[in-house]
Amino acid sequence: MLTARIAVLASGGGTNLQALIDSQGGVLTSGSISLVIADRAGLQAEARAQAAGIASAVIPRREEGFEGRVLDALEKHRIDFLILAGFLGILSKDFIERFPGPIINIHPSLIPAFCGKGFYGLRVHQAALDYGVKVTGATVHYVNEVPDGGQILLQKAVEVRPGDTAERLQSRVLREAEWKLLPQAAEIVSAQLVREKENTL
Ligand code: GRF
């Protein structure tokens with residue numbers, strides 16, 4: 001059976017990566033995680049890949065030629081699509097045009113709220129609290145050259161509770177939305193790619 005080969009690009013703890021790893025064989029059946037790229041050394045995301053027996057690479061984001069090295073790794077591992085999971089960089093238009101497959105990203109708010117340049121990690125949740133929204137959530141979207149600007153694929157709402165801190169809200173959004181949405185989105189995109197592959201055979 002054909003399955004899509006997925007790469008995950010991470011900059012942090014990799015809890016979204018872990019949700020994807022744990023979903024293989026369950027929610028995620030049309031794709032498998034074939035490569036994890038950590039954008040700096042010593043990330044827990046890399047340790048999670050190694051613990052799961054998944055190929056991993058460290059490609060420092062701040063070094064010259066980062067995007068070219070990522071593209072080479074994706075080609076070497078015959079990757080069909082790329083998932084940004086807690087990745088803090090912004091990929092260039094050139095990168096997006098040179099990578100032939102889809103790229104999806106998970107953002108911890110209901111886009112178009114609290115997104116775009118400067119909105120990442122805890123800052124997103126602090127902005128939601130400062131504004132006083134009663135509902136926030138997470139969004140999985142396709143990646144284009146506009147930060148958090150691509151077509152929306154899935155969203156899930158999460159309530160804001162009285163007394164929430166940014167940390168508590170982030171934890172609830174991760175648990176109730178991100179870790180559920182990303183495997184679902186990975187399955188949707190993988191199944192679409194498998195259908196396309198089968199139609200060309
Ligand atoms: C979290 O703030 C998450 O909301 C966002 O990226 C950050 C790190 O996620 N998507 P992870 O634990 O590294 O997956």
Side-chain angles (χ1 to χ4, degrees), residues 6-24 27-28 31 33 35-52 54 56-62 70 81-91 103-131 133 135-144 146-150 152-161 164-186 189:
I6 302 168
V8 178
L9 187 47
S11 301
T15 65
N16 279 294
L17 164 66
Q18 193 62 54
L20 284 167
I21 292 170
D22 296 345
S23 74
Q24 293 182 117
V27 169
L28 178 59
I33 301 170
L35 175 65
V36 171
I37 298 175
D39 73 354
R40 64 187 194 285
L43 292 182
Q44 203 182 339
E46 184 190 9
R48 292 177 190 274
Q50 289 167 346
I54 296 171
S56 63
V58 175
I59 304 180
R61 176 159 51 97
R62 301 205 186 288
V70 171
F81 97 89
L82 177 60
I83 298 180
L84 310 184
F87 176 63
L88 294 178
I90 302 290
L91 295 171
I103 307 173
I104 64 173
N105 177 51
I106 185 148
H107 181 75
S109 75
L110 295 175
I111 289 175
F114 313 117
C115 69
K117 199 165 170 52
F119 283 100
Y120 57 87
L122 281 175
R123 292 175 177 213
V124 176
H125 304 291
Q126 192 56 58
L129 293 173
D130 294 347
Y131 199 99
V133 294
V135 175
T136 186
T139 302
V140 181
H141 63 93
Y142 287 98
V143 171
N144 63 15
V146 177
D148 299 327
I152 290 174
L153 183 55
L154 293 174
Q155 291 190 302
K156 187 167 181 7
V158 174
E159 68 168 344
V160 179
R161 292 182 185 155
D164 265 344
T165 60
E167 289 78 6
R168 280 179 56 187
L169 185 52
Q170 177 181 55
S171 170
R172 189 176 311 121
V173 170
L174 279 165
R175 215 175 37 253
E176 295 182 7
E178 295 186 53
W179 298 342
K180 292 183 168 34
L181 286 184
L182 203 51
Q184 290 168 9
V189 178

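Ligands are counted one by one from 1 in listed order, and the atoms in each one are counted from 1 as well.
Under the salt bridge (charged side-chain N to carboxylate O under 4.0 Å, His left out) criterion, Glu167 pairs with no residue, sequence neighbours left out. Gln126 pairs by the side chain to side chain donor-acceptor pair (under 3.5 Å) definition with Asp130, not counting sequence neighbours. Partners of Asn144 by side chain to side chain donor-acceptor pair (under 3.5 Å), not counting sequence neighbours: none found.
Taking the ring centre of Phe114 as origin, the terminal cationic atom of Arg123 falls outside the region bounded by 6.0 Å and 45° from the ring axis.
Checked for salt-bridge contact, Asp164 and Arg172 meet the test: a charged N lies under 4.0 Å from a carboxylate O.
Residue Ile106 forms a side chain to side chain contact (heavy atoms under 4.5 Å, CB included) with just one option from Leu154, Val140, Thr139, and that option is Val140.
Listed by chain and residue number, the protein contacts of ligand 1 are Gly12, Gly13, Gly14, Thr15, Asn16, Gly86, Ile106, Pro108, Gly121, Gln170, Leu174, Glu178 (heavy atom within 4.0 angstrom).
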